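Here's the structure we're looking at; comments come further down.
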There are 2 protein chains.
Amino acid sequence: MGVNDRKEREKEELRALILAAAVEVFLQKGFDNTSIRAIADKIEYSPTTIYLYFKDKAALFHAIHQEGFKLMFHHFVPLQQVADPFERLLLQGRYYLDFAFQNPELYDLMFLQPGTMEALPDDLEWMEGNAAFGSLVQNVQACIDARIIWAESAEVLAFTIWASVHGIASLQIQKRCNKVISDHLKPHIATLAFEQVNLMLKSFRIDRVPRG
Amino acid sequence: MGVNDRKEREKEELRALILAAAVEVFLQKGFDNTSIRAIADKIEYSPTTIYLYFKDKAALFHAIHQEGFKLMFHHFVPLQQVADPFERLLLQGRYYLDFAFQNPELYDLMFLQPGTMEALPDDLEWMEGNAAFGSLVQNVQACIDARIIWAESAEVLAFTIWASVHGIASLQIQKRCNKVISDHLKPHIATLAFEQVNLMLKSFRIDRVPRG
DNA sequence: CAAACATACTGAACACTGTTCAACAAAACA
DNA sequence: TGTTTTGTTGAACAGTGTTCAGTATGTTTG
C-alpha cells in the first residue's frame, strides 16, 4: 500500500514542521515564553494537534534539545582534521565555548535546564550527552596514550575538564559573570574564557614547567 | 509616635512571615511549583497581600536568594580559623561544594536561575555574589602573596577556580552527572568532586612536581 | 464621643498557561 | 454508497501571576 507510506511521510512532515516552529519560537522568545499556543499559532494549527505528535511539553523540549546537539556536533566536525591530540583537545574546548556563547538558549536547554533530563523518555540513556562526553574522553585518552598528559583515569580527567568549561559557559549564560567580574575585564570575557581553558589544559601537561 | 513604630514593626514581621513561608514552600516543592497562592495559603493570607510586601514574584525570589547567601556565609565562618592560605582555599572549595550538594534548590536559585539576576532591584549591584567572590579573590591573593601559588591576576585565577567548582556543582544539580559518568564512579561522585578541586588547586602550586 | 481619614487586606476578575476529551470532518476502505 | 478509520479541533478544566475596586479596621481629628 502506497497510501500508508504517504501518510507516514505526511505525519513525519508535520512533526518536523511543529519542531521547526518550536525551535524558532524557542530561540526568539526564550525558554519561559515558549508556549504550546504560540507554536500552534505559528504553523496555523490547533494547540491540540501538537499533542498528537508530542506526548507533552517536556517531550517537545526534549526534541528541541536533540536539535541543539545536532548543531553542536556540526560545530565539532572540523576537529577530525586535527592530528595532534593535545591541539584537538584545546580546540574542542574552544568550539564547545563557541557553541555555548553563540547559542545560549540552546546550551541552556541542553546542559542547564533540569527538566530536560527528568523528561528523558522511558528513563532511557542520555544518548546525546553520552556521545558528546564520549568524544571528550576519547581525546583525553589520546593525549594520555601519546604521553602528553598524565592522568589515572581518562574519564575522571575528562569530567574535570568538562566541568571547568561548562562552569565558564554556565556563569556567562546565567548572567553571573558580568555582575562579579571587574569592569576592565568585561570586554575580554570571551577571550578570557578561552585562555582559562588553555591554562587549565596546559597545567595537565607532563612537560609543564613549574612557574614563579 | 509609638504607633507608627509598632506598625512598622508589624509590617516587618509580616514580611518576614511571608518570606519564611516562601522559603519553606520553595524548599519543599521546588522552584517550578512555588506559587504565590501556595505561599498565601500557608500563612492564611490572601495572595494579594503578598504584593503589598513584594513587588512581584521575582522580588520575592530575590529575597529567598538572599536567605540562601546568608546560609552560605554561615557555612564559611569556620574558614576564618584556618591560618594557612592554601589550606583555606582548599577548604573553601570543599565548603562551597558541601553547601551546593546539601542545598541544591537554593544553589539553583542563587547561581543558576537567570531570572534571579534579571530581577535585580533597580539594576543595582549583585551584593551577595560580589561578597562571596570577593572572599575567594582574597584567599587566592593570600596564596599568591605567600608564594604558594603563581598567577598574573588573582581575580582571573579566582574566576577560573569558581567556574570549575561551579561547573561540578551545576552538572550534579542539573542532573547531567549521573547520566554520563560510569556506573562504578557514581557512588563516589561527591568524593570525586572534592578530589577534582584539590587536583586543580594543587596544579597551580609553584612547588608542583611534574608527573609521569 | 462621633465623624473623617488612612491603612491593611481581600474577592473577583483578567489574561495567560498545559492538557484533555468529546465532537467533527475528511479520507480510505468495503 | 455506506462504514470505518484517521486527523483535527473547540471548548473546557485547573492552574498560574497580577491588578483593581471595594471593604473593614484602627487611628486621628473635630
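Just so it is clear, the model here is predicted, and its values are computed rather than measured. Naming: A, B, ... by sequence-line order, numbering from 1 per chain. Computation of the quantities below employed the complete heavy-atom set of this structure, encompassing side-chain atoms and omitting hydrogens, waters and symmetry-equivalent molecules.
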Can you tell me how far the CD atom of Gln172(A) sits from the CG atom of Asn178(A), to the nearest 0.5 Å? 5.5 Å
Is there a donor in the side chain of His166(A) and an acceptor in the side chain of Ser170(B), or the other way round, less than 3.5 Å apart? yes
So, for Phe99(B) and His75(B), is the gap between ring centers shorter than 6.0 Å? yes
Determine whether any donor atom in the side chain of Arg37(B) lies under 3.5 Å from an acceptor atom in the base of dG15(D), or the reverse, and answer yes or no. no
What is the distance, to the nearest angstrom, from the CG atom on Asp56(A) to the P atom on dT20(C)? 8 Å
State whether Thr49(B) places a side-chain N or O below 4.0 Å from either non-bridging phosphate oxygen (OP1 or OP2) of dT10(C). yes
Using whole Å, what does the distance between atom P of nucleotide dG7(D) and atom CD of Glu13(A) come to? 14 Å
Separation of dG7(D) P from Glu10(A) CD (nearest whole Å): 9 Å
In whole angstroms, how far is the C1' atom of dT10(C) from the CG atom of Leu14(B)? 13 Å
Nearest-Å distance for atom pair NZ/C1', residues Lys55(B) and dT19(D): 14 Å
Short side-chain N/O contact from Ser46(A) to OP1 or OP2 of dT8(D), under 4.0 Å: no
Could you check which of dG17(D), dC9(C), dG7(D) has an atom nearest any side-chain atom of Tyr45(B)? dC9(C)
Quick one: which of dT8(D), dC9(C), dT16(D) gets closest to the side chain of Tyr53(B)? dC9(C)
Look at the side chain of Thr48(B) against the base of dG11(C) and say whether a donor-acceptor pair falls under 3.5 Å; ignore hydrogens and angles. yes
To the nearest angstrom, the CD1-C1' distance between Ile50(A) and dT19(C) comes to 12 Å
Please report the distance, rounded to the nearest Å, between CG in Leu52(A) and C1' in dA22(C). 14 Å
Rounding to 0.5 Å, atoms CG (Leu120(B)) and CH2 (Trp126(B)) come to a distance of 8.5 Å
Value in whole Å for how far the C1' atom of dA8(C) lies from OH of Tyr51(B): 18 Å
Under a 4.0 Å threshold between the charged nitrogen and the carboxylate oxygen, would Lys70(A) count as salt-bridged to Glu67(A)? yes
